[in-house]
There are 2 protein chains.
Amino acid sequence: MNSSPRRGRRPGSPDVRAQILAVARDRFHREGYDGVTMRSLAADVGVDAALISYYFGSKRGLFAAVLEISVHPADILAKLLEGDLETLPQRAVRTLVTVWDQPEMGMPLLSAVRAAVADPELAALIRRGLHRELIDQLADRIGGADAHHRAGTFVGQIGGLVFTRYVLAVEPLASMTVDEIVRTLGPALRTTLFGPVAIPARRPHAAAGPARGPAPR
Amino acid sequence: MNSSPRRGRRPGSPDVRAQILAVARDRFHREGYDGVTMRSLAADVGVDAALISYYFGSKRGLFAAVLEISVHPADILAKLLEGDLETLPQRAVRTLVTVWDQPEMGMPLLSAVRAAVADPELAALIRRGLHRELIDQLADRIGGADAHHRAGTFVGQIGGLVFTRYVLAVEPLASMTVDEIVRTLGPALRTTLFGPVAIPARRPHAAAGPARGPAPR
DNA sequence: GTAGTTGTTCAACCGTGATGAATTCTTCGC
DNA sequence: GCGAAGAATTCATCACGGTTGAACAACTAC
């Protein structure tokens, strides 16, 4: 891009772009996308609102930039998948809850999810991310004919935890401890990954259910 | 058409309120809350925008009215809980997917969820609804010491299905058939409701996990 | 110096939801 | 019937949202 040596005015003595980003980050996480207006944000930084557009193109651009510096899920996911497959369900739940429970991580993630629900393009971003970084890899590791179905369902269950505990905050999930959640959700996740297609503990009510699928391996 | 829309009350008794509601319902479901502007909606109905405020107080009031006539989850939930507890997981999944898959029901529900994510008051509504109508009742039916934890986790997983399949539309969940979903998610839900705290199919890797909880009844 | 580039502000635009006053129709007491 | 009360409808306007183009200021390069 910049072929010629640096011409023109140098960035102001305080790096205004970084300042805007920092304040925006704080306020977006605290007040949500709609709660932050460009004018009020500009006033906070002590700058004209047009400058934000100048640097970030638009309000959404600014939000995207904030997300960029706030959310890095990929490395956490990679760590999870590296470990022992047997213990993955418990570890996944524990890691997820731990990460989301600390506000410095949870708030950015929450605002990201909120924004994604409202904005189809952001939703597509998350959708693709989940699929490539998590579901495909997980399916590879568990193997078997219905690996993708199991992996997808697994992610769905994890997503449900995020949705009900953090976005909706519905009780009792919202105030259960990490251990309690691992205890109750862990076995279900194990069933999804490794279990048979129907738990044989009681009569599966064979009538309507197409209870037989590909062999549970 | 009518080139000079006269001021004042219209002759006859056209039920304009119902007309507004019908058009709003359609457009909200198709274009989402933010996609519908009061002016464009008013133009669609052939009416001044102020009339909407007159009838419904505010845009949110209109949206609430649309939800009112579009979403009645309570009766469906009641039916579910009436049936045999043993088959509840499968039936719940099947009912949920069936309902959400038909656009006449699914779109309203989806726009409700979307709105709830953006608006804390609506979120509180859904939160309370889920808790009173579903979790408490379900906990009563399954009984036992950790009934509430199990019920909450159950609802969380169901919510995850909604979130990932319908809101985020992440693959492969988004294009799995009803039967496939019932097959993969059903057993996990059974585990949540009735299962032990750790599935004994393989060595539960006793180290880290607080794998023992209240007896599984 | 002068020209060119970048940072910053100002004023304005257009679209949003909301509100109060003005106007016209319906209804109901007499 | 008449006339007043009230309901339904539009208009003009407000405050506020994000965005934009022109102007100006600061700085670098030649």
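Naming: A, B, ... by sequence-line order, numbering from 1 per chain. The structure presented is a predicted model; accordingly, all values stated were derived computationally and were not measured.
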Open item on the list: Output the rounded distance in Å from NZ (A:Lys59) to P (D:dT20).
Closed with: 15 Å

TODO: Check the side chains of B:Gln157 and B:Thr153 for a donor-acceptor pair under 3.5 angstrom, ignoring hydrogens and angles.
DONE: no

- [ ] Classify the side-chain pair B:Thr87/B:Arg91 by whether it contains a donor and acceptor separated by less than 3.5 Å.
- [x] yes

- [ ] Could you tell me whether a side-chain N or O of A:Lys59 sits under 3.5 Å from a main-chain N or O of A:Tyr33, the two making a donor and an acceptor?
- [x] yes

- [ ] Working to the nearest 0.5 Å, report the span between CG of A:Leu96 and CZ of A:Arg165.
- [x] 9.0 Å

Task: For the student: nearest non-hydrogen atoms of A:Ile126 and A:Ala116, plus distance - done: CD1-CB, 3.6 Å

Open item on the list: Using a 4.0 Å cut-off on heavy atoms, which residues in residues 50-57 of chain B reach DNA chain C? List them by number, or say none.
Closed with: B:Ala50, B:Ser53

Open item on the list: Once rounded to the nearest 0.5 Å, what's the spacing between atom CD of A:Glu86 and atom CZ of A:Arg190?
Closed with: 5.5 Å

TODO: Would you indicate which nucleotide in D:dT19, C:dG17, D:dG18 comes nearest to any side-chain atom of A:Thr37?
DONE: D:dG18

Task: First of A:Arg39 and A:Gly46 reached from the 5' end of DNA chain C, by closest nucleotide - done: A:Gly46

Open item on the list: Nearest whole Å is fine: how far is C:dG17 C1' from B:Tyr33 OH?
Closed with: 9 Å

Task: Pair B:Arg150, A:Thr184: side-chain N/O donor-acceptor within cut-off below 3.5 Å - done: no

- [ ] Measure the distance from CG on B:Leu41 to P on C:dG15 and round it to the nearest whole Å.
- [x] 17 Å

Open item on the list: Side chains of A:Ser40 and A:Arg27: any donor to acceptor distance under 3.5 Å?
Closed with: yes

TODO: In whole angstrom, give the distance that lies between atom CG of B:Asp15 and atom P of D:dA7.
DONE: 16 Å

Open item on the list: Applying a 4.0 Å non-hydrogen cut-off, can you work out what A:Val45 is touching in the nucleic acid: base, sugar-phosphate, or nothing?
Closed with: nothing

TODO: Heavy atoms only: give me the nearest A:Ile158-A:Ala92 pair and the separation to one decimal.
DONE: CD1-CB, 4.3 Å

TODO: Calculate the interatomic distance between B:Asp48 atom CG and C:dG17 atom P; express it in whole Å.
DONE: 13 Å

- [ ] Could you check which of D:dG18, D:dT10, C:dT8 has an atom nearest any side-chain atom of A:Val16?
- [x] C:dT8

- [ ] Take the protein atom CE of B:Met38 and the nucleotide atom P of D:dA15, then report the distance between them rounded to whole Å.
- [x] 20 Å

Task: Rounded to 10 degrees, the angle between the two terminal axes of the helix from C:dG1-D:dC30 to C:dC30-D:dG1, each from five pairs - done: 10°

